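The chain is numbered in sequence order, starting from 1. Atoms considered below: every heavy atom in the structure, side chains included; atoms not considered: hydrogens, waters and symmetry mates. Nothing here was measured: the structure is a model prediction, and the numbers come from that model.
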Amino acid sequence: DKLEYGHKILETLDECNQYWHSYAPRIKEQLDYAFKCFDSFVESYEFIENNMEIIDYGCGQGGASIRFLDKFYQDFKTYISKIKLIEPSSLALQRARRTLEFYSSDIQIVAINKKLNHVTHKELETDINQTYIHLFSNILDVEGFDLDELFSKIVKIQGYHFFIAVSMDTT
């Protein structure tokens, strides 16, 4: 209850630790299923010729990005140029950034400490026409942000877009 069923903006290390303890196994299971579907799609689609940027919306402590790299880093490491982490909890964002920096010094980690409604199109955009992997892990059921408005900012970005979304309600 203290974590508001995973929707609370984490403010303490105890809350961060409790979140991992309570939700990480389920999130891993959801993401593994989604990545299995993505993996079979990737095999039949030639999009890897571009640089790749991962954008993790409401990233928390980076679970979705970490799991994505666990699954695909060996295949995509020469293509992943940047990971953008968007999260209102500065503590969780700091933990996500530190963890992801261990994967490679070649990947630029950009931390955006904002709620999703306050993210601008300019913060999402990159100068290069590339492939974007948009990760929405257990954020779509969170009230308080306008998904349509966020999506309209995303689709203005030139490039190939892949959306991977999981939620506690559905996979």
Side-chain angles (χ1 to χ4, degrees), residues 9-10 27-28 30-32 34-142 144-167:
I9 295 173
L10 305 176
I27 292 170
K28 178 188 178 300
Q30 292 172 323
L31 289 168
D32 285 348
F35 292 156
K36 182 178 177 183
C37 297
F38 178 73
D39 195 26
S40 63
F41 177 76
V42 167
E43 291 175 7
S44 64
Y45 194 79
E46 298 293 327
F47 74 92
I48 304 297
E49 296 172 4
N50 295 323
N51 282 335
M52 183 184 297
E53 180 174 311
I54 299 166
I55 305 177
D56 193 344
Y57 300 85
C59 71
Q61 297 170 75
S65 293
I66 292 165
R67 195 68 196 137
F68 185 89
L69 292 178
D70 284 347
K71 174 78 174 136
F72 297 108
Y73 184 71
Q74 289 305 314
D75 296 331
F76 296 156
K77 67 181 171 185
T78 59
Y79 302 104
I80 300 172
S81 60
K82 186 183 295 183
I83 300 174
K84 287 184 183 170
L85 303 168
I86 304 169
E87 170 60 37
S89 167
S90 59
L91 186 61
L93 185 62
Q94 181 181 35
R95 186 177 269 191
R97 182 182 192 144
R98 284 187 192 153
T99 303
L100 289 164
E101 286 173 343
F102 285 105
Y103 277 88
S104 172
S105 60
D106 296 333
I107 299 174
Q108 179 186 6
I109 309 294
V110 176
I112 301 171
N113 188 206
K114 291 184 173 183
K115 291 184 176 183
L116 293 178
N117 275 347
H118 298 115
V119 174
T120 67
H121 165 73
K122 205 70 161 157
E123 290 170 311
L124 297 175
E125 188 176 47
T126 299
D127 296 334
I128 303 168
N129 186 21
Q130 61 186 350
T131 299
Y132 294 88
I133 307 295
H134 302 275
L135 300 176
F136 291 87
S137 175
N138 296 299
I139 190 68
L140 297 179
D141 60 343
V142 173
F145 81 96
D146 187 338
L147 181 59
D148 292 333
E149 181 183 330
L150 179 62
F151 188 72
S152 70
K153 293 174 189 176
I154 293 169
V155 297
K156 291 179 184 175
I157 303 168
Q158 290 186 348
Y160 297 102
H161 297 272
F162 295 88
F163 295 85
I164 300 171
V166 296
S167 174

Point to revise | Side-chain heavy atoms of Phe145 within contact of Lys115, under 4.5 Å | key: no
Point to revise | For the student: nearest non-hydrogen atoms of Ala96 and Gly60, plus distance | key: CB-O, 3.7 Å
Practice item. Taking the six-membered ring for Trp and the single ring otherwise, decide whether the centroids of Tyr160 and Tyr132 are under 6.0 Å apart. Key: no
Check your understanding: When you look at NE2 of His121, are more than 12 heavy atoms from neighbouring residues, nucleotides or ligands closer to it than 6.0 Å?
Key -> yes
Revision key, fill the gap. dist Gln158:CD -> Thr126:OG1 (nearest 0.5 Å) comes out at 12.0 Å
Exercise for review: Give a yes or no answer on whether the side chain of Asn113 reaches the backbone of Leu93 with a donor-acceptor pair at less than 3.5 Å.
Suggested key: no
Review point. Are Leu10 and Leu91 close enough, and set up right, to give a side chain to side chain contact (heavy atoms under 4.5 Å, CB included), and what steps lead you there?
Key: CA-CA 7 Å; Leu10 305 176; Leu91 186 61; over 6 Å; no
Review point. Considering the options Lys84, Gln108, His134, which one meets the side-chain hydrogen bond (donor to acceptor under 3.5 Å, both in side chains) requirement together with Glu53?
Key: Lys84
Review point. Picking from Phe38, Tyr103, Tyr79, Phe162, what satisfies ring pair (Phe, Tyr, Trp, His ring centres under 6.0 Å) with Phe72?
Key: Phe38
**Study point:** Pair Lys114 + Glu123, salt bridge at N-O below 4.0 Å
**Key:** yes
Point to revise | Under 3.5 Å donor-acceptor, Lys153 side chain and Val119 backbone | key: yes
Check your understanding: Which is it for Ile27 and Arg67 under the side chain to side chain contact (heavy atoms under 4.5 Å, CB included) test, yes or no, and what are the steps along the way?
Key -> CA-CA 9 Å; Ile27 292 170; Arg67 195 68 196 137; over 6 Å; no
Point to revise | Separation of Ile133 CD1 from Ile55 CD1 (nearest 0.5 Å) | key: 10.0 Å
Exercise for review: Taking all heavy atoms of Ser65 and all of Ile83, pick out the closest pair and write down the distance.
Suggested key: OG-CG2, 3.9 Å
Revision key, fill the gap. For Leu116 and Gly58 the tightest heavy-atom approach is CD2-N, 4.0 Å
Study note, to complete from the structure: Rounding to 0.5 Å, atoms CD1 (Ile86) and CD1 (Ile112) come to a distance of 4.5 Å
Exercise for review: Measure from the ring center of Phe68 to the ring center of Tyr73 and say whether it is less than 6.0 Å.
Suggested key: no
Check your understanding: To the nearest 0.5 Å, how far apart are CE in Met52 and OG1 in Thr78?
Key -> 9.0 Å
Point to revise | Heavy-atom pair with the smallest gap, counting every atom of Tyr57 and Leu150 | key: CD2-CD2, 3.9 Å
Exercise for review: Look up atom CG in Asp56 and atom OG in Ser137, then write down how far apart they are to the nearest 0.5 Å.
Suggested key: 7.0 Å
Check your understanding: Do Asn51 side-chain atoms and Gln130 backbone N/O form a donor-acceptor pair below 3.5 Å?
Key -> no
Review point. With sequence neighbours excluded, what pairs up with Lys28 under the salt bridge (Lys or Arg N to Asp or Glu O under 4.0 Å) test?
Key: Asp32
Check your understanding: Given Gln30 and Asn138, is the side chain to side chain contact (heavy atoms under 4.5 Å, CB included) satisfied, shown in steps?
Key -> CA-CA 10 Å; Gln30 292 172 323; Asn138 296 299; 3.2 Å; yes
Check your understanding: Can you tell me how far CD1 of Ile66 sits from CG of Leu135, rounded to the nearest 0.5 angstrom?
Key -> 11.5 Å
Exercise for review: Please check if the side chain of Arg97 supplies one atom and the backbone of Ile109 the other of a donor-acceptor pair under 3.5 Å.
Suggested key: yes
Study note, to complete from the structure: All heavy atoms of Leu69 vs all of Leu100, minimum pair found to be CD1-CD2, 3.6 Å
Check your understanding: Is the shortest heavy-atom distance from the side chain of Ile157 to the side chain of Leu124 under 4.5 Å?
Key -> yes
Exercise for review: Could you tell me whether the side chain of Gln61 and the main chain of Arg95 form a donor-acceptor pair under 3.5 Å?
Suggested key: no
Review point. Are the aromatic ring centres of Phe163 and Phe151 under 6.0 angstrom apart?
Key: yes
Study note, to complete from the structure: Residue set satisfying salt bridge (Lys or Arg N to Asp or Glu O under 4.0 Å) with Lys82, at least two apart, ordered chain then number -> none
Point to revise | Smallest separation among heavy atoms of Asn117 and Asp146, with atom names | key: OD1-N, 2.8 Å
